[in-house]
Amino acid sequence: MCCIKDKLLTSETFGELEERLPSSVFCRVHKSFIVSLSGIEAVEGDRILIGKERIPVSETYRKAFYKALL
């Protein structure tokens, strides 16, 4: 299921939101993206495919992302 079109308005910072989400289910992959690991359909280089969307994996979060996939 892809929820990329849904928006969430909050007074929290993105970092605070990331801390509240379970790391076994969600992973930050870019300064602007946190993804559900179960929603990932494929990884192509430095992009994650979820539905028709391609989400970039930034160098800052790359190592933690690949570790979370294992």
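Note that these values count all heavy atoms, side chains included, but never hydrogens, waters or copies made by symmetry. Start at 1 with the first residue, then count along the sequence. All of these numbers come straight from a predicted model, not from anything done at the bench.
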Once rounded to the nearest 0.5 Å, what's the spacing between atom [atom1] of [X] and atom [atom2] of [Y]?
X	Y	atom1	atom2	answer
Glu41	Lys52	CD	NZ	11.0 Å
Glu18	Cys27	CD	SG	8.0 Å
Ile34	Phe14	CD1	CZ	4.0 Å
Leu37	Ser24	CG	OG	8.0 Å
Glu19	Thr13	CD	OG1	7.5 Å
Tyr61	His30	OH	NE2	9.0 Å

* To do: Report yes if some heavy atom in the side chain of Arg62 is under 4.5 Å from a heavy atom in the side chain of Asp46; otherwise report no.
  => yes
* To do: Would you mind reporting whether Leu49 and Glu44 have side-chain heavy atoms less than 4.5 Å apart?
  => yes
* To do: Go through Val43 and Phe65 one step at a time and tell me if the side chain to side chain contact (heavy atoms under 4.5 Å, CB included) criterion holds.
  => CA-CA 11 Å; Val43 178; Phe65 169 65; 4.0 Å; yes
* Going through the distances and angles, do Ile55 and Ile40 end up as a side chain to side chain contact (heavy atoms under 4.5 Å, CB included)? -> CA-CA 10 Å; Ile55 299 167; Ile40 296 172; over 6 Å; no
* Take atom CD in Glu16; do more than 12 heavy atoms of anything else shown fall under 6.0 Å from it? -> yes
